[in-house]
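Read the structure below first, then the notes.
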Amino acid sequence: MATRKQIHQLTSAQFDKAFPDEDACCAYLVGKRWPKGIHCPRCGAVEPTELKGNPWHWQCYQCAKDTSYRFSHITGTIFENTNKPLRDWFKVIHLMLTSKKGISARQLWRYMGFGSLKTAWYMAHRVRVALVEEPEKLGGIVEVDETFVGGKAKNRHDRWGGGGTGGVGSGKAVVVGAVRRKGNVVARVVENVRATTLESFVQEAVSHKVSLLITDQWVGYKHLNKDFPQHVTIDHSRGDYVVGAVHTNTIEGFWSIFKRGVIGTFHNVSKKYLPLYVAEFQFRYNNRMNPDIFGTAIGGC
């Protein structure tokens with residue numbers, strides 16, 4: 001039986017060796033944040049003066065010639081104004097990235113030994129903000145589909161049966177996604193599954209040079225052919241799921257990972273913070289082949 005090659009990522013032992021103390025974490029952050037040399041986060045001036053007697057702090061005289069502008073390695077990052085060691089932040093990020101279906105704030109609280117659950121919850125959300133990626137245009141063979149999150153089981157939404165408003169009245173939130181075969185995914189929380197909403201997402205996420213755009217036969221996608229003549233559909237209502245290269249199995253695989261995380265790990269995700277959880281799963285998926293996923297995450301903090 002053929003197995004997919006395992007992508008090597010940072011192990012627990014390697015983490016402890018790479019970051020044995022706070023100074024090692026500070027040096028790593030500086031290297032990722034300023035790979036071409038330290039510069040002022042306010043004005044961009046290069047080679048600021050190192051503040052003697054205060055490690056990892058600098059002062060820029062171009063911002064304020066008389067008093068100088070003082071900053072540190074964490075100024076302007078998600079770590080700013082924190083009372084937790086940088087090594088704790090790094091450990092939380094490492095745990096979040098190596099957990100395919102996510103790790104709950106309660107589990108972080110227990111594992112890290114924080115004084116309160118709120119601390120773990122706050123840190124995890126700050127990390128998710130840093131994992132938000134810039135939108136990109138997907139090319140090649142692209143699949144588009146949507147899923148519904150939350151609400152009560154008795155209100156499970158049947159988009160084929162009526163309304164087509166997606167989540168409205170059912171208590172469910174709508175997440176739409178596009179994925180390139182063997183490539184990246186772009187996922188967004190949207191208000192509904194009406195044609196205008198879905199078409200707007202596809203215009204944002206999919207290149208017009210796409211070779212094939214695949215959706216199911218939901219009415220919200222029926223006008224895509226106007227701008228995407230490469231658009232084809234798969235008719236799930238007839239029991240068709242794979243017709244040659246035409247299927248939506250890839251995006252449904254991403255939804256499976258996401259749903260198992262939401263249901264099995266987090267149990268309950270509010271609509272207010274749902275976009276951050278979507279961003280977390282999107283980042284992990286898009287960096288699944290990246291052996292330095294941790295370094296990429298730190299670079300975005």
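Of the possible donor and acceptor atoms, none in the side chain of Lys101 sits under 3.5 Å from a partner among the backbone N and O of Lys259. Between the side chain of Asp21 and the backbone N or O of Ala24 there is at least one donor-acceptor pair closer than 3.5 Å. Listed for the Arg260 side chain is no donor-acceptor partner under 3.5 Å among the backbone atoms of Ile257. Using a distance-only test at 3.5 Å, with no hydrogens or angles considered, no donor-acceptor pair links the side chain of Gln203 to the main chain of Ser200. Side-chain N or O atoms of Arg180 include one that pairs as donor or acceptor with a backbone N or O of Gly139 at under 3.5 Å. Ser207 places a side-chain N or O within donor-acceptor distance of the main-chain N or O of Lys209, the cut-off being under 3.5 Å. Put simply, the side chain of Ser256 never gets that close to the backbone of Glu252: no donor and acceptor are under 3.5 Å apart. Side chain of His231 to main chain of Ile214: no donor-acceptor pair is present (N/O by atom type, distance under 3.5 Å, no hydrogens or angles).
Residues Met123 and Phe114 form a side-chain contact, since some pair of their non-hydrogen atoms from C-beta on lies under 4.5 Å apart.
The salt bridge (Lys or Arg N to Asp or Glu O under 4.0 Å) search around Asp292 returns Lys32, not counting sequence neighbours. Residues that satisfy the side chain to side chain donor-acceptor pair (under 3.5 Å) test with Ser104, not counting sequence neighbours, are absent from this structure. Partners of Arg33 according to the salt bridge (Lys or Arg N to Asp or Glu O under 4.0 Å) rule, which considers only residues two or more places apart in sequence or in another chain, do not exist here.
Tyr69 carries Arg42 over the face of its six-membered ring, with the cationic atom under 6.0 Å from the centre and within 45° of the normal. Cation-pi geometry between Arg87 and Phe90 is not satisfied (NZ or CZ under 6.0 Å from the ring centre, within 45° of the ring normal).
Ring centroids of Phe228 and His223 are separated by 6.0 Å or more, keeping the two rings apart. Trp121 and Tyr273 have their aromatic ring centers within a separation under 6.0 angstrom.
Ring geometry for Phe254 versus Phe258: interplanar angle under 30°, hence parallel rather than tilted (30 to 60°).
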